[in-house]
Amino acid sequence: MEIDWWTLAIQTVNFLVVVWLLSRFLDRPVQRMIAAREAADRAAAEDAEGKADEAERLRADYERKLAAFDEQMDSRETELHEGMQREREQTLSDASQEAERLRAAAQAEIEETRSRALTALRDEIVALARDLAETALSDAPADPLACLQAELARQEEADLARMRRDLSSGGGLTLVTVMALSEDMRERMCAALGAALGDVPALSFELDPGILGGLRLRLPHGELDASVAGRLEAAARAMAGGDDDA
Amino acid sequence: MDGSPLSPDILVWIGPVPISRAVVTTWVIMGVLAAVLTATLRLARPGSGLATALEILVTTLSGQIRVILGRDPRPFLPLLGSLFIFIVLANLAAVFPGATPPTAHVETPAALALIVFLSVHFYGIQAKGLRGYLRHYLEPNPFLLPLNVLSEPTRTFSLMIRLFGNMMSHEFVIAIVVFLAGLLLPIPFLLLGVLIGIIQAYIFTVLATVYIGAAVGAVDA
C-alpha cells in the first residue's frame with residue numbers, strides 16, 4: 001500500500017472546504033433559524049405571558065366589577081325594600097287617614113241623620129201631641145155641668161141601667177173635679193144625676209188636679225170618666241193601638 | 001487501475017498533481033452538497049418542514065456532541081458535524097454504480113485523521129493554554145508521559161485505519177461477490193454497506209469528539 005501525498009493534501013483541503021461549506025451554508029443559517037425561532041418562541045411566550053397577565057388583569061377587573069355590581073345590587077335591593085316599606089307605610093297611613101275620614105264622614109252623616117230623625121221625631125211628637133190634645137179637648141165642655149150632662153147623654157141605656165143597678169146595690173157616688181164647685185153647681189149636678197140615674201144616694205165631691213179638666217164620676221163598682229186626663233189616656237191608647245196596627 | 005487495488009486510481013494529471021477517483025468523487029460530493037444546501041436554504045422558510053428538518057439535523061448533532069463533551073457544542077459543531085456528514089456521504093457513494101467511496105482509499109481517512117489530530121491540539125491549546133495543555137500529558141503520572149505522547153499518533157492512526165479498513169474491505173467483499181456470484185447477489189451487501197457506512201461515520205465522529213473532549217476537558221455547558 002502506498003500513500004499518494006498529493007491526494008492526501010487535496011483531500012485535506014477538500015475536507016476543509018466541506019467544513020467551510022457546511023459552516024457557511026448549514027450551521028450558520030440553521031443557527032440563525034434556531035435563534036430566530038427561539039426568539040419567536042420567547043416572544044410568543046412573553047406575548048402569552050402578557051396575554052395571561054392581561055387575562056388575569058381582566059379577570060381581576062371582572063371580579064372587581066362583579067363585586068361592585070353585587071354591592072350595587074344589594075344596595076338597590078336594600079333601597080327597594082326601604083322604598084317598598086315606606087310606600088307600604090305611606091299606603092297604610094293614607095288608608096288609615098282615608099278610613100278615618102270615611103269614618104268621620106259616616107259619623108257626621110249618622111249624627112246628621114240622627115239629628116234629622118230626632119228633629120222629625122220631635123216634630124212628629126209635637127204634631128201627635130197637638131193632635132192628641134185636639135182630640136182630647138175638641139168636644140170637652142168647659143162647664144162641669146155641661147160636661148156631666150154630655151157624658152151621661154153619650155151613655156147607652158144599657159149602661160145607664162147597669163149604673164142604676166150598681167147604685168141600687170149600695171154605696172155612694174163621688175164626683176171628682178179639678179176645681180171646687182159652688183153649692184148651686186152641686187145641686188144642679190145632683191139634679192142632673194137624678195134625672196139620668198133616678199134616686200141618687202149621697203153624692204160626695206172630691207178635688208183632683210190630676211184629672212186636668214172635666215170630671216170623673218165614681219160609682220160603687222165602676223167609674224164614668226169624663227176627665228181630660230182620661231181622654232188623653234184614651235187617645236194615647238188609640239194612637240198606640242193605631243201604631244201597632246200600622 | 002494498476003496492479004494493486006490499494007493504489008490510488010489516478011484519473012488525470014494536472015501538471016505534477018495527480019487527480020484520483022477519490023478526489024473526483026469528493027468533488028462531486030462537495031458539489032452536490034453545496035447545491036443541495038443552497039437550494040435547501042433557498043426553499044426553507046422559517047417554520048417550514050424543510051427548515052424543521054435542518055433544525056432537527058443540527059440540534060441532533062449538537063445534542064450528541066454536548067453529551068460527549070459536557071460543554072457548549074457550538075465551537076466544535078462545524079468540524080464534527082462536517083466530519084459525520086462528509087463521511088456518511090463518502091461512504092454512501094458506494095451505492096452509485098461506477099463510484100467508489102473516497103474513504104475506501106487511505107488518503108481520505110488519513111486526511112480526516114490528520115485534521116482531527118491537529119484539531120485536538122488546536123482546541124486543547126485554545127481551551128487550556130499551551131502550558132495547561134502540555135501539562136495534561138503528565139497526568140495522571142509523569143511516568144506515563146511516553147505512553148501519553150505515543151497514544152496521540154497511534155489513536156490517530158487507528159482512527160484512520162478503522163475507517164479505511166472497514167470501507168476498503170467492504171469494497172473488496174462486494175467485488176469478490178460480484179466476481180463469484182453475479183450482478184444481483186451483491187444488493188444485500190450494498191444495503192449492509194449503507195449501514196456500515198453510517199456506523200463508521202458515527203464511530204469516527206464520536207471518537208474524534210472524545211479525543212477533542214479529552215483535550216479540552218469536560219466543562220459544564
Side-chain angles (χ1 to χ4, degrees), chain A residues 1-70, chain B residues 4-10 13-14 16-23 26-27 29-30 33-34 36-38 40-41 44-47 51-52 54-59 61-62 74 77-83 85-87 89-90 102-103 105-112 114-115 118 164 168:
Chain A
M1 183 177 68
E2 58 182 278
I3 294 179
D4 181 6
W5 297 103
W6 280 108
T7 302
L8 174 62
I10 293 171
Q11 289 296 72
T12 302
V13 173
N14 284 343
F15 179 72
L16 292 177
V17 172
V18 168
V19 171
W20 177 82
L21 270 178
L22 290 174
S23 176
R24 172 69 177 79
F25 293 105
L26 180 63
D27 184 48
R28 291 179 191 172
V30 172
Q31 293 292 353
R32 280 198 297 269
M33 279 194 284
I34 291 173
R37 181 180 55 77
E38 288 177 349
D41 291 345
R42 281 195 299 273
E46 291 173 356
D47 184 57
E49 189 175 357
K51 287 182 178 177
D53 293 341
E54 178 67 14
E56 181 65 24
R57 190 187 62 75
L58 289 175
R59 188 181 68 80
D61 187 55
Y62 167 75
E63 288 182 351
R64 183 178 56 76
K65 287 183 178 177
L66 186 63
F69 178 72
D70 288 341
Chain B
S4 174
L6 299 179
S7 299
D9 185 10
I10 305 299
W13 288 82
I14 300 176
V17 180
I19 304 302
S20 66
R21 186 182 296 272
V23 171
T26 302
W27 285 347
I29 291 172
M30 291 167 61
L33 193 61
V36 169
L37 286 177
T38 305
T40 302
L41 288 178
R45 294 285 178 267
T52 304
L54 290 177
E55 281 192 28
I56 290 173
L57 174 64
V58 172
T59 54
L61 290 172
S62 296
R74 267 177 293 183
L77 183 62
L79 173 68
L80 297 174
S82 299
L83 266 179
I85 293 172
F86 176 74
I87 295 172
L89 295 177
T103 48
H105 295 274
V106 72
E107 290 83 2
T108 304
L112 298 178
L114 176 64
I115 290 174
L118 297 176
F164 166 67
M168 180 270 293

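Note on naming: letters A, B, ... go to the chains in the order of the sequence lines (proteins, then strands), and numbering restarts at 1 for each one. Bear in mind that the values here come from a model prediction, so they are computed numbers and not experimental data.
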query: Taking C-beta and beyond as the side chain, do A:L22 and B:L33 meet within less than 4.5 Å on heavy atoms?
result: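 In short, these two side chains touch, coming nearer than 4.5 Å.
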query: If we only count heavy atoms from C-beta on, is the A:V18 to B:I29 side-chain gap below 4.5 Å?
result: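 In short, these two side chains do not touch, never coming nearer than 4.5 Å.
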query: Checking heavy atoms, do the side chain of A:D4, its backbone, both or neither come under 4.5 Å from chain B?
result: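 Contact with chain B involves both backbone and side-chain atoms of A:D4.
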- request: Under the side-chain contact (heavy atoms from CB on, under 4.5 Å) rule, what do B:L57 and A:V30 come out as? Steps first, then yes or no, please.
  value: CA-CA 9 Å; B:L57 174 64; A:V30 172; over 6 Å; no
message: Less than 4.5 Å to any heavy atom of chain A: does that hold for the side chain of B:I10, its backbone, both, or neither?
response: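 It is the side chain, since no backbone atom gets that close.
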Atom group of B:L41 that falls short of 4.5 Å from chain A, counting heavy atoms: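 B:L41 touches chain A through side-chain heavy atoms alone.
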message: Let's test your reading of the structure: which of B:T38, B:T108, B:L79, B:I85 forms the most heavy-atom pairs below 4.5 Å with chain A?
response: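 Top count of heavy-atom pairs under 4.5 Å with chain A: B:T108.
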Heavy-atom closest contact ([X] atom, [Y] atom, distance):
X     : Y      : result
A:Q11 : B:P102 : NE2-CB, 3.8 Å
B:P78 : A:D27  : CG-OD2, 3.7 Å
A:T12 : B:A111 : OG1-CB, 3.2 Å
A:T7  : B:S20  : CG2-OG, 3.5 Å
A:L21 : B:M30  : CD1-O, 3.8 Å

message: Using side-chain contact (heavy atoms from CB on, under 4.5 Å), reason through B:L114 and A:F15 one step at a time and then give a plain yes or no.
response: CA-CA 11 Å; B:L114 176 64; A:F15 179 72; over 6 Å; no
task: Kindly compute the distance separating CD (A:Q31) from CZ (B:R74), expressed to the nearest 0.5 Å.
output: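 Interatomic distance, A:Q31 CD to B:R74 CZ, rounded to 0.5 Å: 6.5 Å.
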message: If we check side chain to side chain contact (heavy atoms under 4.5 Å, CB included) with A:M33, which of these qualifies: B:L54, B:V58, B:T52?
response: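 Of the listed residues B:L54, B:V58, B:T52, the side chain to side chain contact (heavy atoms under 4.5 Å, CB included) partner of A:M33 is B:L54.
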